[in-house]
Amino acid sequence: MNRPELDYYAVLDMPRNASKEQITLAYRRLAVRLCPHRDKKYEQDFVPLAQEGKLTHLSPMGEAKQWAYINMAFDVLGNDLYRAIYDRYGEAGLFEGVMLPNGYFPPYQYHGDHMKIYEEVFASYSPYANIIDAVTNPPSLYATREHGIGVRHKDANTERIIHLSLEEIRTGCVKLMHVWRQEIVDIKESRLEKRKHTLKLNIQPGTTAGTRFCFKEEGDRYPTTIPGDIIFIVADKPHPEFERRNMHDLVYRHSITLAQAFTGFIFYVNTLDKRQLKIVITDVVCPGYQKIVPLEGLPKCRNLDAVTSIKHANKRFEEFGDLIIEFNYIFPKYLTTEMKVMTRNFFNEFHKLELQLEAEEQKHMS
């Protein structure tokens with residue numbers, strides 16, 4: 001960049017080691033005085049920065065310019081990823097993009113919507129909204145013959161476990177969940193009736209166990225309460241052949257004999273999407289040995305939060321996890337005396353051959 005770099009910490013009058021909470025408080029202190037939408041009739045409530053002894057190098061600028069700079073500074077310093085890049089690479093790295101260990105960070109660009117930052121911090125267009133909230137957004141009330149008048153409180157949420165097969169997780173599916181809930185059929189008489197209600201679940205491919213689907217205020221309807229939420233929590237249904245591991249990997253266990261473990265073998269795996277994989281093993285299958293088949297696991301669900309999405313911007317994603325094949329050994333249940341002698345002789349000869357092989361390798365190395 002040709003222009004001098006802007007010190008965002010100086011804009012907010014904060015040291016570089018300030019915590020995120022301190023930076024937020026600094027922004028709030030400045031924003032409440034510089035916001036152009038404040039009501040002029042309450043001008044006396046806003047103490048000028050000069051009288052507060054908090055002059056910064058932006059003070060000679062007009063309030064509009066200062067207002068723009070503090071919002072841009074907080075957009076960077078209030079975001080963990082942006083701040084880390086700014087601290088290490090400066091404003092140049094932030095605006096030009098940098099190569100990070102987990103992928104390329106694209107150039108940062110401020111969106112220019114100052115009030116968007118303001119509303120995110122104050123959770124309102126006005127910093128005094130929490131004071132007058134009870135007037136402008138009064139609590140929900142009820143008034144019935146039977147119960148009189150009162151404030152409606154929200155019922156407890158209802159949580160239900162929904163078991164999904166690995167086939168459903170592999171391809172994704174739509175689940176129609178039928179719930180029975182109390183509904184008001186006569187408001188005047190407060191008469192209730194239990195009725196069937198259908199909720200639609202869109203299961204994305206690769207949905208992980210523990211994912212919560214929340215249907216806001218879909219619970220029982222009572223005249224004196226606000227309906228609670230209905231929450232469905234995903235759980236994996238046990239599968240006869242596969243097991244999920246690390247969210248997106250599949251584990252398959254195959255049983256082999258000792259002869260196969262020593263000499264190698266070929267077998268086939270039927271996948272969740274009805275394909276057949278040919279697996280060729282030429283190694284000696286020692287205890288703990290695993291065969292990994294890349295990209296034959298479950299799809300990787302891409303429901304990422306905003307920070308994670310920025311971190312992985314322009315990074316290539318493989319769409320599937322891996323298939324991990326583990327092996328169980330089949331031992332003979334019983335050996336006769338003759339079988340024991342044959343086995344002992346075999347391993348004696350086998351050990352001699354091993355010693356000969358080691359001797360030849362040492363001879364070639366020397």
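In this chain, numbering begins with 1 at the start of the sequence shown.
- Side-chain contact between Val179 and Ile230 is present, with heavy atoms from C-beta onward closer than 4.5 Å.
- To the nearest 0.5 Å, atom CG of residue Asp113 and atom CD of residue Glu120 are 9.0 Å apart.
- Using a 4.5 Å cut-off between side-chain heavy atoms of Ile, Leu, Val, Met, Phe, Trp and Tyr, with links allowed through other members, Ile231 and Phe213 fall into different hydrophobic clusters.
- One side chain, His178 or Thr198, offers a donor N or O that lies under 3.5 Å from an acceptor on the other.
- Below 30°, between 30° and 60°, or above 60°: for His254 and Phe267 the angle between ring planes is below 30°, a parallel geometry.
- Using a cutoff of 4.0 Å between basic side-chain nitrogens and carboxylate oxygens, Asp236 and Arg244 are scored as salt-bridged.
- For the pair Arg181 and Asp220, the tightest heavy-atom approach, listed with the atom from each and the gap, is CA-OD1, 3.0 Å.
- The pair Lys352-Glu349 meets the salt-bridge criterion, with a side-chain N (NZ, NE, NH1 or NH2) lying under 4.0 Å from an Asp/Glu carboxylate O.
- Checked by atom type, the side-chain pair Tyr110/Asn71 shows no donor-acceptor distance below 3.5 Å.
- The pair Arg275-Glu296 counts as a salt bridge, with a side-chain nitrogen and a carboxylate oxygen less than 4.0 angstrom apart.
- Summarising the local packing, CE of Met339 is surrounded by more than 12 heavy atoms from other residues, nucleotides or ligands at distances under 6.0 Å.
- Side chains of Leu6 and Val11 form a contact here, defined as non-hydrogen atoms less than 4.5 Å apart.
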Apply the test salt bridge (Lys or Arg N to Asp or Glu O under 4.0 Å) to residues Lys291 and Glu326: give CA-CA distance (whole Å), side-chain angles for both, the deciding distance (0.1 Å), then the verdict.
CA-CA 7 Å; Lys291 175 72 173 179; Glu326 298 178 346; over 6 Å; no

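- When all heavy atoms of Thr257 and Gln260 are compared, the closest pair comes out as N-OE1, 2.9 Å.
- Of the inter-residue distances, the one linking Ile23 atom CD1 with Leu77 atom CG reads 5.0 Å to the nearest 0.5 angstrom.
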Does Arg28 form a side chain to side chain contact (heavy atoms under 4.5 Å, CB included) with Thr24? I'd like the steps, not just the answer.
CA-CA 6 Å; Arg28 291 174 67 97; Thr24 303; 4.3 Å; yes

Using the salt bridge (Lys or Arg N to Asp or Glu O under 4.0 Å) rule, take Lys154 and Asp229 through it: C-alpha gap first, then chi angles, then the decisive distance, then the call.
CA-CA 9 Å; Lys154 189 171 182 178; Asp229 302 339; 3.0 Å; yes

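- Minimum interatomic distance between Ser255 and Ile330 (heavy atoms only, all atoms of both residues): CB-CD1, 3.8 Å.
- A salt bridge is absent between Lys237 and Glu168: the closest approach of a Lys/Arg side-chain nitrogen to an acidic carboxylate oxygen does not fall below 4.0 angstrom.
- Nearest heavy-atom pair across Met72 and Phe95 is CE-CZ, 3.1 Å.
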What's the verdict on salt bridge (Lys or Arg N to Asp or Glu O under 4.0 Å) for Lys20 and Asp80, showing C-alpha distance, side-chain angles and the deciding distance?
CA-CA 9 Å; Lys20 189 172 183 178; Asp80 294 336; 3.7 Å; yes

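- Atom CZ of Arg88 has 12 or fewer neighbouring heavy atoms from other residues, nucleotides or ligands inside a 6.0 Å radius.
- Closest heavy-atom contact between Met177 and Phe232: CB-CZ, 3.6 Å.
- Residue Ile324 is not grouped with residue Phe320 when hydrophobic side chains (ILVMFWY) are merged at heavy-atom distances under 4.5 angstrom, including chains of intermediate members.
- Taking OG1 of Thr207 as the start and CE of Met247 as the end, the distance is 12.0 Å to the nearest 0.5 Å.
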Go through Glu183 and Lys194 one step at a time and tell me if the salt bridge (Lys or Arg N to Asp or Glu O under 4.0 Å) criterion holds.
CA-CA 6 Å; Glu183 294 191 2; Lys194 206 157 194 175; over 6 Å; no

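- Atoms NZ and CG, on Lys300 and Asp249 in that order, are 7.5 Å from each other to the nearest 0.5 Å.
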Does Leu323 form a side chain to side chain contact (heavy atoms under 4.5 Å, CB included) with Ile292? I'd like the steps, not just the answer.
CA-CA 6 Å; Leu323 173 63; Ile292 298 179; over 6 Å; no

Does Cys173 form a side chain to side chain contact (heavy atoms under 4.5 Å, CB included) with Glu167? I'd like the steps, not just the answer.
CA-CA 9 Å; Cys173 62; Glu167 287 82 1; over 6 Å; no

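- Heavy atoms from other residues, nucleotides or ligands lying under 6.0 Å from CD of Gln290 number more than 12.
- Residues Tyr329 and Pro287 come closest through the heavy atom pair OH-N, 3.2 Å.
- Ring geometry, Phe242 versus Tyr252: the interplanar angle falls from 30° to 60°, so the pair is classed tilted.
- Comment: Glu243 engages Arg253 in a salt bridge, judged by a side-chain N to carboxylate O separation of less than 4.0 angstrom.
- For the residue pair Glu96/Tyr89, the side-chain donor-acceptor check at 3.5 Å is not satisfied.
- Atom CD1 in Ile117 sits 10.5 Å away from atom CD1 in Ile70 (nearest 0.5 Å).
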Start with the C-alpha gap between Tyr268 and Leu277, add the side-chain angles, then the distance that decides, and say whether side chain to side chain contact (heavy atoms under 4.5 Å, CB included) holds.
CA-CA 5 Å; Tyr268 296 87; Leu277 299 178; over 6 Å; no

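- For CD of Glu354, the number of neighbouring non-hydrogen atoms (other residues, nucleotides, ligands) closer than 6.0 Å is greater than 12.
- The structure places CG of Leu12 at 8.0 Å from CZ of Phe74, a figure rounded to the nearest 0.5 Å.
- Within 6.0 Å of NE2 in His111 there are more than 12 heavy atoms belonging to other residues, nucleotides or ligands.
- Side-chain contact annotation: Asn17 with Tyr9, donor-acceptor N/O pair under 3.5 Å absent.
- Open room surrounds CZ on Phe350; 12 or fewer heavy atoms of other groups in view lie less than 6.0 Å from it.
- The closest side-chain donor-acceptor pair between Tyr289 and Asp283 falls under 3.5 angstrom.
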